[in-house]
Each structure stands twice: as C-alpha cells, then as structure tokens.
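Read the numbers this way: they start at 1 and go in the same order the structure lists the ligands and their atoms.
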Amino acid sequence: MKKVVKFGGSSLADAQQFKKVINIIKSDPSRQFIVTSAPGKRYPGDIKVTDLLITYANAVITHKPTENIIDQIFKRYSQIGNEFNVDEAILLDIKQKLLKLQETNFPDNKYLMAAFKAHGERLNAELFAACLNKMKIAARFVDPSEAGILLTDDPDSATVLEKTYENLKKLQFGNEKLVFPGFFGFTEEGLLVTFSRGGSDITGSILARGLKADLYENFTDVDVIYAANPQVVDRPAPIEKLTYREMRELSYAGFTVFNDEAIIPAIQGKIPINVKNTNHPEAKGTLIVSEKGFTPKHKVTGIASSKRFAALYLHRYLLNKEVGFTLKILQILYKYGISYEHMPSGIDDLTIIFDKKQLTDELTKKVCADIKAAVHPDALEWIDDYAIIMVVGEGMRTKVGVIENIIEPLAKNKIAIHMINQGASRISIMIGTRAADADNAVVNIYNNFFKSEAHSKI
Ligand SMILES: Nc1ncnc2c1ncn2[C@@H]1O[C@H](COP(=O)(O)OP(=O)(O)O)[C@@H](O)[C@H]1O
Ligand SMILES: N[C@@H](CC(=O)OP(=O)(O)O)C(=O)O
C-alpha cells in the first residue's frame, strides 16, 4: 500500500498541529509521500502565512519597509521549530531565505509574487522534514525541481505538464519519508510558478498519479465533506462517498475543502481520494471515487454556491439570426486575455459569466466599451455581484422532479433566479442568482432535499 498524504494549512498552523500530523504519519507506515501547505489560520481572524507573504511581496513592489512583516512570517516558523528543538541552523536558514527574497530579481512582479507565495510551503516542508528527523523519523525535503514538477508558464494559475509524470517515475528514494511542498512547480525555462489559491491539493493529486499511489489522503479540519458548506448550513448531512464528477462540480462551485482542479490527476490515475480530519483522524472521512457502487439514496448529493462571479447581460432583437455575434464578443475577450465560465443564451439575449479573479474595474470598462462598439446591443448590463449555485448528484440521472425541488423553495422565499442551466452535465443543475441571495438560496434548497434526514455523525 502506497499513500500520498497532503496536510492543509489548518493542519500545519502551529506546533500542536505539527504534533498531530506527525502522529498521523507514525500511525501508518504506508504514509510515505507527504505534501505540506503553508501554515494556515490558528484561530478565526488569524492570517495565513501565504497572505503574510503576499503583504511582504506588495511591500517590496511598492518600496515600503519590510522588517515587520518578515519578523511576523519568521515567527510563525520559529515558534514551531523551537517547540521541536530543531537546530538553530534550520531556523537561521529560514530567516536567510525570507530576507534574500527581497534582494532577488524576477522577470516581472507576477513571478516575484509567485516566488514569495511559494516560500510559505517551501519553508514549511523544510521545517516539517526537520521536525520529523528530530522525532527520529527518517525524512527529507524534496524540491519540486528534483521531483520534476513542470508547469505551464502562468505565474499564479499554472497547470501541470504531462512530462511531470515521466519525471516522477525517475524520482530516487529509499524508505525515508519524502516531504514535498505543495502549491508550486517550475516552467520548462526554470521559472517558479504557482497553482491558483488552494493549489497544494493539486500537488498531492499530481504526486498520487505520478507515484502510482493506492490512495490520496487529504487531511483538513473537518470530519467529512458535507452536503452543504457548514459555514452556510447548520450541521449539514455528511457525505460518505462522492464520485470524481460530483466533487469536481461541487468544488468548482464553492466546496473549497478540496480544490476543483485537483480532481483531474486523480481521475487520470484512477486514485481514490480520502478527505480526513487531522484533529479527528479516526473518523472515516469522505471517499472520492469513480463509481459509488450503490444507488444514491438522495436525488442530490450536495449543494454548493460561489459568489466569485460577475455577468455581462446583452440583449438585441434577432440575435439568433446574426452570424458572428458571439465570435465578435469572443475576439474581444481573447484580445484582453479573459476566459469566460458560462454563456447561457436565449433568442434575443446572451449572458456571459466570468470568474472575477481575472478582472479589474479598468478591464471591465474596456471590455464593455469594446463590446458595445462591436455588436451595438439594445441593452448591456454588467452584474458585478453574481453567484452560481450548483445542485449536484449522480442520482439525478434516474430521478425526475429535481428542478421543481430547486425552484419551489426559491420562489417561496422570493429569491430571483437569473439563470438555470440543466442538461450540459447530466449530474448537476446550475442556478444563477445575485450574490446577496446565494446563502439563502442554498439553505432553502438544502432544506427541501434534506430536511427530513437525521444528521448522523460519522
Ligand atoms: N461542503 C463542505 N464540507 C466540508 N467543508 C467545507 C465544505 N464547503 C466548504 N468547506 C470549508 O472547507 C474548509 C476546509 O478547507 P481549507 O480551509 O482549504 O482547509 P485546509 O487548511 O486543510 O486546506 C472547512 O473548514 C470548511 O469551512
Ligand atoms: N497556501 C496556499 C495553498 C494551499 O493549498 O493552501 P491550503 O492547503 O491551506 O488551502 C494558499 O493559501 O492558497
């Protein structure tokens, strides 16, 4: 049995969490390949080290003082290191690396930002390997360059190149634990780039495929994946098993517990994923697999929502007759390097939904002005507070009436629906609402499907 185990920021936030993680590793010898995130929040309101590093990078870019922020970051590591009595040289090295960052030249600020952010995981992986050694567990840090993790040249949203899997086959190791930093890799030209935020999950999945693991264990701070975000719905039902397809749709639409892109290498390598709790490792967690092996009890498996979207609504009579209308719009998006998420359309109407991450106010204005000039719409509206709700379940394939169960509670609660997309994926229904209505919509849809269920604890 060979396992890749990833520990998220909440699992490695301080020395106490490090100890729990070490016990988890000690309790199962097949947990040989370890992926670490940067130290996360220790308590609500705390700041993740990745965010501290972003502050540090911005201070360097804007020529502001950096001493305080470096101290704040270093303290996060030194507090852990001191608790484990790691050699002074290890902590000195961490301090040196943090200081050196501001003196390093980068091709531009995007690569600078990537390198700063990546230090969160790099330094944590080095420190974690040192702590394992201190506990007499043979372990070593493995840099993504040694593992051959090759990524596309997108400094803050890279994707993996196939060559990575060939490289991973050649990785040399013995019986020692290998500690890989999550979240980053290198381009073929040797530039450091990161995945999008939450991307350490992706590193774990890539390693699980490349190293042909039997299981990818993803340790976080919840016992299971729930049928709705527990920050939105009170004590939602636990999910014992999810299919890859369900998880991909749910994490895309707001189940941040597992990164949506991280599913893909696991699917390709047919690696089951087990999401588990570092604070309660004896709980079975949630298993993500290709087939559930049983008929789902519910019509839906989960309901997710995300407020990270914006939408452009266009109206023009006889849109359906006009050749090249969408082409002109897509050319404008291409010119500005913007991708769109969804494009539902009617006979005279078109809505284009965007992920706001890639937009600025200035860019939005330019895009709207160019589209107005190119296609002369009768109406153009920019909706900046757009949310997508995704109701997902393999059980939908065989059951009728799901759409009624979604629309009815929304209508009853006077929640306006801006868009419905059913059919593109046979296991999900996508609803567009205003961001302010999203949480309320999830609670009402959830209650309609699950309210009669007893909330068993796994
Ligand atoms: N459906 C869901 N089930 C469980 N947790 C969820 C769900 N949707 C969102 N979450 C949130 O995801 C969090 C865990 O993800 P994250 O903070 O990225 O953890 P980590 O620090 O391990 O990377 C949980 O604490 C929970 O608030
Ligand atoms: N530390 C990075 C990458 C990551 O995956 O973190 P976490 O495992 O804490 O979600 C981030 O905050 O985005």
Side-chain angles (χ1 to χ4, degrees), residues 5-14 17 20-21 24 34-44 46-55 73 76 113-114 116-125 156-158 180-185 194-206 217-240 242 246-247 249-262 275-280 283 285-286 288 300-307 357 389-392 439 442 446 450 458:
V5 254
K6 180 254 170 178
F7 295 92
S10 53
S11 303
L12 293 165
D14 57 19
Q17 292 301 90
K20 290 182 193 168
V21 168
I24 289 169
I34 300 152
V35 179
T36 63
S37 284
K41 292 184 184 186
R42 293 159 292 183
Y43 45 82
D46 193 16
I47 307 173
K48 291 173 110 181
V49 164
T50 309
D51 292 305
L52 295 175
L53 285 158
I54 292 172
T55 305
I73 299 166
R76 292 294 301 268
M113 186 57 86
F116 275 61
K117 283 193 291 186
H119 269 67
E121 342 299 288
R122 171 176 270 161
L123 301 179
N124 217 25
D156 61 359
S157 55
F180 301 82
F183 194 38
F184 72 98
T194 74
F195 298 117
S196 49
R197 292 295 304 265
S200 293
D201 287 340
I202 308 176
T203 306
S205 193
I206 292 168
E217 287 183 319
N218 191 286
F219 279 89
T220 180
D221 64 350
V222 279
D223 277 1
V224 283
I225 296 175
Y226 297 98
N229 184 343
Q231 290 167 15
V232 175
V233 169
D234 183 34
R235 290 177 300 124
I239 306 173
E240 193 186 324
L242 277 163
E246 287 177 327
M247 189 69 230
E249 303 224 11
L250 288 165
S251 52
Y252 169 83
F255 279 18
T256 47
V257 58
F258 193 75
N259 183 290
D260 64 314
E261 291 176 39
V275 173
K276 284 176 73 78
N277 192 349
T278 292
N279 308 311
H280 189 194
T286 296
I288 308 167
V300 311
T301 303
I303 303 141
S305 71
S306 173
K307 299 172 193 164
K357 262 189 279 179
I389 293 160
M390 200 81 99
V391 185
V392 179
D439 289 352
V442 169
Y446 176 87
F450 290 88
I458 285 192

Check: Counting each atom of ligand 2 from 1 as listed, which ones have a heavy atom of Glu121 under 4.0 Å away?
Finding: 1 (N), 2 (C), 3 (C)
Please produce the table of protein N or O atoms sitting under 3.5 Å from N or O atoms belonging to ligand 1, one pair a line, distance to 0.1 Å.
from     : atom 1 : to     : atom 2 : distance (Å)
ligand 1 : 1 (N)  : Tyr226 : O      : 3.0
ligand 1 : 3 (N)  : Tyr226 : N      : 3.0
ligand 1 : 19 (O) : Thr220 : OG1    : 3.1
ligand 1 : 21 (O) : Gly9   : N      : 3.3
ligand 1 : 21 (O) : Ser10  : N      : 2.9
ligand 1 : 21 (O) : Ser10  : OG     : 2.9
ligand 1 : 22 (O) : Ser10  : OG     : 3.3
ligand 1 : 22 (O) : Thr220 : OG1    : 2.8
ligand 1 : 25 (O) : Asp221 : OD1    : 2.8
ligand 1 : 25 (O) : Asp221 : OD2    : 3.3
ligand 1 : 27 (O) : Gln231 : NE2    : 2.7

Item checked: Distance, nearest 0.5 Å, that separates CG of Asn124 from CZ of Phe183 -> 13.0 Å
Note to self: At less than 4.0 angstrom from any non-hydrogen atom of Gly9, what atoms of ligand 2 do you find?
What the structure shows: 7 (P), 8 (O), 9 (O)
Checklist line | NZ/NE/NH1/NH2 to OD/OE distance under 4.0 Å, Lys307 and Asp439 | finding: yes
Note to self: Could you check whether Asp46 pairs with Arg76 (Lys NZ or Arg NE/NH1/NH2 to Asp/Glu carboxylate O, under 4.0 Å)?
What the structure shows: yes
Item checked: Non-hydrogen atoms of Ala237 and Phe450 that approach each other most closely -> CB-CD2, 4.1 Å
Notebook entry, point to check: Applying a strict 4.0 Å limit to heavy atoms, is Gly199 in contact with ligand 2?
Noted result: yes
Next item on the list: Identify, with sequence neighbours excluded, every residue that meets side-chain hydrogen bond (donor to acceptor under 3.5 Å, both in side chains) alongside Ser196.
Entry: none
Next item on the list: Starting from atom 7 (P) of ligand 2, locate the nearest protein heavy atom and write down its residue, its atom name and how far away it is, to 0.1 Å.
Entry: Ser37 OG, 3.5 Å
Notebook entry, point to check: For Asp51, which residues count as a side-chain hydrogen bond (donor to acceptor under 3.5 Å, both in side chains) partner, sequence neighbours excluded?
Noted result: Arg197
Notebook entry, point to check: What's the shortest distance from atom 1 (N) of ligand 2 to any protein heavy atom, and which residue and atom give it?
Noted result: Thr50 OG1, 2.8 Å
Item checked: Nearest non-hydrogen partners of Ala227 and Pro236, listed with the distance -> N-CB, 4.3 Å
Note to self: Here's a test for you: under side chain to side chain contact (heavy atoms under 4.5 Å, CB included), which of Asn218, Val257, Val275, Ile206 qualifies with Asp201?
What the structure shows: Asn218
Next item on the list: Looking only at protein heavy atoms, identify the closest one to atom 11 (C) of ligand 2 and say how far it is in Å.
Entry: Arg197 NE, 3.3 Å
Margin query: Within the 4.0 Å heavy-atom shell around Gly8, which atoms of ligand 2 are there?
Written below: 8 (O)
Note to self: Minimum heavy-atom separation for Asn277 and Thr220, please, with both atom names.
What the structure shows: OD1-O, 3.2 Å
Checklist line | Proximity flag Gly182 to ligand 2, non-hydrogen atoms under 4.0 Å | finding: no
Margin query: Ser157: which residues meet the side-chain hydrogen bond (donor to acceptor under 3.5 Å, both in side chains) condition with it, sequence neighbours left out?
Written below: none
Checklist line | Contacting atoms of ligand 2, where contact means under 4.0 angstrom from a heavy atom of Lys6 | finding: 8 (O)
